[in-house]
Amino acid sequence: MSPLSSERILRIVIADDHYLVREGVRMLLEDSGEVEVLDAVGTATELVRRVGELHPDAVMTDIRMPPSHQMEGIEAAHRIRAAHPEIGVVVLSQHADESYAFELLKDGTAGLAYLLKDRVGDLDEMMGALRAVCAGRSAIDARVVDALVARRARREQSGLEDLTPRELDVMREMAQGKSNAGIAAALVLSESAIEKHVSSIFSKLGRPGESGVHRRVAAVLAFLQS
Amino acid sequence: MVATFPSRDLTGRLMWFAGVPVVVASIVVGIWVSGQSLTGLAWFVPGLAALAAGVVAFRRLPENVAGRRLLTFGLMISLFNLSQNVVLYALFNLGPGSWLGPANFALQVLGLAMFVFLLAALAVYPDGAYQHRYELLLIRGFAVLAIAVPVLMLFARPTLEPASIFEWLTGSREGAEGLFPDIESPLHLGALSFLRAPLHAYLAIAFTWIPFWAGIVLALRYRRFRADRRLQVRWPMYGGLATLVLGIEGAIWETAAIPLNLSTTVEIGAIVIAAASLTIGLVRPDLFDVDRVMRRTLVYVPVWLLIGGAYVGVAALLGTAASGVGLQVAIGVTIVATVMFEPARRRLVSRAGRWAYGESLSGEELIRRLGATLEHTLDLRRLTIAIAAIARDGLGVGWTQICVDGHAPVTDGERPHDALPAYAAALVHAGEHLGQIECGARVRGRTQASDRELFATLARQAALAIHNAKLAGELTRRLEEIKHQAEEITASRSRIVAAQESARRQIERDIHDGAQQEIVALIARIGLAQNQFGRDSSRLGETLVDLRSEARQALENLRQLASGIHPSVLTDHGIVEAIESRAARFPLGVTIECDPQLRNARFEESVEGAAYFFVCEGFANALKHASAERVRVCFDRSPAELEVQVSDDGAGFDLDSTARSGLAGLADRIAALGGSFDVRSSPGEGTTLTARLPIGEPAVV
């Protein structure tokens with residue numbers, strides 16, 4: 001099951017306080033023909049209100065917005081997920097700092113994605129994240145995963161030192177919410193090889209292997225976070 | 001004879017009860033005998049006085065040995081008096097008999113013993129304890145003599161020696177021998193006849209001699225007492241003086257220079273005074289201020305006369321001794337003796353003065369006391385109070401007053417309303433006038449020549465002390481000031497740090513919300529262009545045009561941001577041009593006034609930065625809060641500083657009610673460069689901000 005396999009047009013709401021960004025993202029997504037932007041708003045409050053009215057498939061929101069310019073986007077994401085579990089939320093962030101990712105994913109990873117804003121030029125990446133959250137899965141920006149791995153690796157006895165370089169690659173892909181098939185495609189390996197790596201990774205990290213993709217993400221994140 | 005007195009209550013009580021009938025009997029018998037002799041009646045008075053004194057002392061302080069001994073003394077006198085009168089009565093009315101020998105012996109012993117008790121009382125006066133062993137030895141010695149002398153007399157004479165009363169009664173030794181019948185001494189030994197003369201001499205002087213030693217013992221004790229105890233002894237000291245008179249009079253009577261009746265009266269009076277003073281000193285030393293009651297001069301003058309008399313006497317004696325050689329020699333010896341003994345006389349007189357008037361503090365002692373005070377006092381007021389007290393004490397004056405310039409006067413003692421000072425001196429140290437010290441007249445005695453010098457010494461020392469205290473006070477104030485400044489610097493430093501932190505946050509936010517978002521938008525737009533590429537080239541061209549204009553906008557915004565952090569025009573062209581450039585983009589009308597020379601002047605980077613942001617803050621202030629229309633900027637330069645002034649024609653504000661963080665930040669930044677900052681504003685009057693920044697030599701480009 002590929003994230004891009006669905007042909008259905010996604011109905012989304014965009015939130016960003018910067019006009020140019022908001023309009024740029026809207027134009028890019030609409031130009032793809034796979035997305036219908038129902039509304040583009042400038043504040044988190046407006047976002048939550050419009051989501052209640054429009055019932056989109058997914059939401060794409062900035063983190064830092066008026067009035068306090070702190071983490072309004074993440075708070076809005078949690079509120080939307082709590083009120084409408086069927087609506088996926090992609091959070092766009094300027095922060096490569098992993099603590100924002102943790103803040104977003106602290107209560108569960110299902111239906112949530114954390115993308116860096118650099119990705120807004122990469123349509124495939126954005127569509128992948130949107131489709132993943134719509135399907136109840138999750139996605140984390142590869143650079144944020146790298147930051148997590150690096151931080152975890154700095155600690156003694158992190159467990160990461162036991163992983164082979166190939167297994168680290170697989171874990172990175174896994175954390176981004178990819179299925180075994182997706183990982184196989186990304187790393188140009190057979191699916192059976194990926195399966196072996198995945199079970200090896202989980203045994204080395206001392207965590208049970210899990211079937212659901214987002215659960216695997218959660219397990220990896222939980223490990224990196226601990 | 002016992003030298004120590006039993007310390008049990010019972011003894012004292014018994015003596016008291018015994019004393020009363022004795023006194024009564026002595027009065028009765030005395031009246032009876034008085035037909036024949038004045039002495040018989042007169043002696044009951046001192047007996048009564050001493051007994052009463054002893055009773056009071058004993059009643060009030062039953063544990064005090066001195067009181068008991070005094071009581072014993074009184075009892076002995078009364079007993080002596082009674083015995084004398086009984087013996088006289090018997091002799092006159094019954095005639096001599098075999099009883100007379102023992103009675104005569106008893107009178108002799110009793111007469112000597114009663115004064116031993118006076119000595120014993122004074123030797124432990126007033127606290128009931130011996131100070132030295134010689135006091136006890138002296139008592140024992142006289143006690144032994146009181147028995148030994150009458151006994152030895154029995155050996156030394158073929159007939160009995162008449163007791164003193166017969167001598168007093170007849171006025172002479174010969175008279176006494178005539179009155180007293182010849183009675184064979186049962187113990188006469190011819191070998192001891194040589195003792196007759198010295199024993200008689202002792203009997204003659206004992207009544208003077210023993211009280212004299214008692215006085216000496218008390219005087220020696222007095223010297224070693226502390227002030228409070230001395231007050232107690234002062235009473236008997238006057239009593240002692242009376243005793244001294246008794247002694248002198250006794251000595252004179254021996255030469256038969258004054259009538260017996262008068263002599264007896266004086267002796268009796270002296271004993272009364274002595275007894276009374278001893279009791280008062282023991283029981284109620286604070287009864288009267290003894291020093292006030294007795295004018296010290298009254299004490300001093302007799303002593304002075306005594307010394308002078310002795311001096312003349314010694315000189316005359318030597319002259320007389322030499323007169324056998326020739327008149328010239330006698331005069332010469334007298335003159336030499338006069339000169340030789342003059343220093344001794346002066347010394348004695350000065351001692352007598354000190355004894356009578358109390359120790360007058362020497363300059364050194366006064367300074368030592370001042371020094372001790374200075375060690376503990378740096379507070380000016382407390383110091384002044386201490387000096388005034390020491391000065392009053394040391395000079396022995398009624399009041400002292402010190403007035404330190406700029407402070408309320410401090411007075412020790414009561415200064416009468418319109419009292420003029422006996423002495424006054426300016427307090428001057430190292431040419432600086434610090435204040436004035438004044439004091440009243442001596443409370444006791446006459447003004448002495450050394451007083452003025454002492455006062456001057458004191459004034460000098462006080463001036464030094466006050467000078468030091470003022471310095472210390474000044475130092476404390478300075479330290480406080482420095483501490484305050486240090487606190488202000490710390491606060492200012494932390495405000496600067498906070499301001500820097502806040503400025504950094506502002507820049508981060510500006511970049512985050514501005515430049516970064518614009519670049520994000522550019523990325524999105526590029527993504528769009530990429531999608532359109534080859535698929536929809538007409539729309540791609542449109543997208544690219546937007547892309548270019550967005551990129552330019554982003555660049556312009558970045559430029560502005562950079563100039564807000566530190567404008568390049570300031571770095572390149574100096575403060576005046578930087579302000580002109582800023583003014584060009586400012587929405588209000590700006591006038592810039594500046595000396596043409598100053599236009600090209602360059603200053604240190606920090607000074608230019610501070611001046612630039614000072615003006616920018618002034619602009620922001622005028623724009624945001626003042627609703628001003630015009631802003632005027634003035635630059636001016638002195639050799640030492642650059643003055644920048646920003647004034648607006650806006651609403652102004654109340655300085656007291658408004659604390660503006662922007663202004664505080666400015667003040668800190670300027671203070672950090674050693675400059676000053678000033679705001680003048682009031683509602684409706686506009687606002688003028690002035691900054692003065694210290695500059696080194698300006699570099700002219």
Side-chain angles (χ1 to χ4, degrees), chain A residues 4 12 14-35 37 40 42-44 60-73 90-97 100 115-130 141 143, chain B residues 498-562 564-565 624 661-662:
Chain A
L4 295 172
I12 70 167
I14 297 173
D16 197 307
D17 61 325
H18 201 276
Y19 172 78
L20 289 177
V21 176
R22 203 160 64 218
E23 291 310 308
V25 170
R26 175 215 284 271
M27 286 168 75
L28 180 67
L29 290 176
E30 285 188 334
D31 187 69
S32 70
E34 296 175 51
V35 172
V37 178
T43 67
M60 184 168 271
T61 178
D62 190 12
I63 291 183
R64 201 155 107 164
M65 282 184 291
S68 67
H69 290 278
Q70 279 168 349
M71 297 201 296
E72 289 81 355
V90 177
V91 171
L92 291 178
S93 169
Q94 306 241 54
H95 305 285
D97 188 331
Y100 289 89
L115 280 194
L116 291 181
K117 270 196 171 174
D118 318 24
R119 305 293 176 195
V120 295
D122 189 336
L123 185 61
D124 291 346
E125 194 97 26
M126 292 215 289
M127 288 311 299
L130 280 172
D141 197 292
R143 276 168 53 197
Chain B
Q500 280 175 345
E501 196 53 43
S502 140
R504 260 202 290 275
R505 261 203 310 279
Q506 184 59 43
I507 291 167
E508 188 266 343
R509 180 173 294 178
D510 285 351
I511 294 173
H512 184 277
D513 296 344
Q516 276 187 10
Q517 302 295 341
E518 279 158 3
I519 291 168
V520 167
L522 285 178
I523 292 170
R525 190 72 73 159
I526 291 167
L528 179 63
Q530 197 180 9
N531 284 353
Q532 289 170 341
F533 178 65
R535 191 186 68 194
D536 193 349
S537 49
S538 64
R539 287 178 66 192
L540 173 63
E542 213 176 286
T543 303
L544 285 176
V545 169
D546 288 350
L547 194 54
R548 188 175 61 187
S549 93
E550 276 175 30
R552 278 187 183 141
Q553 187 55 49
L555 182 62
E556 175 54 29
N557 287 348
L558 263 181
R559 204 176 272 148
Q560 275 193 18
L561 181 66
I565 296 168
K624 276 191 231 163
S661 62

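Per chain, numbering begins at 1; letters A, B, ... match sequence-line order.
Here the closest heavy-atom approach between residue B:Ala524 and residue A:Gly24 is recorded as CB-C, 3.8 Å. Summarising the geometry of A:Val21 relative to B:Ala521, their closest heavy-atom pair is N-CB, 3.7 Å, with the distance given to 0.1 Å.
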* Does the side-chain contact (heavy atoms from CB on, under 4.5 Å) test come out yes or no for A:His18 and B:Glu518, once each step is laid out? -> CA-CA 8 Å; A:His18 201 276; B:Glu518 279 158 3; 3.9 Å; yes
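With a threshold of 4.5 angstrom between heavy atoms, A:Leu20 approaches chain B through its backbone and through its side chain. For chain B, the nearby parts of A:Asp31 are the backbone and the side chain; heavy atoms of each come within less than 4.5 Å. In this structure, chain B has no heavy atom under 4.5 Å from any part of A:Arg22.
Here the side chains of A:Asp16 and B:Gln517 are in contact, with some heavy-atom distance below 4.5 Å. Taking 4.5 Å as the limit, every side-chain heavy atom of B:Ile523 sits out of range of all side-chain heavy atoms of A:Lys117.
From A:Glu30, atom CD reaches atom CG of B:Leu528 across 10.5 Å, with rounding to the nearest 0.5 Å.
Shown here is B:Glu542, whose CD atom has no more than 12 heavy atoms of other residues, nucleotides or ligands within 6.0 Å.
Heavy-atom pairs under 4.5 Å with chain A were tallied for B:Gln530, B:Arg525, B:Arg535; the largest tally goes to B:Arg535. Each of B:Leu522, B:Ile526, B:Asp546, B:Asn531 has some count of heavy-atom pairs under 4.5 Å with chain A, and the biggest count is that of B:Asn531.
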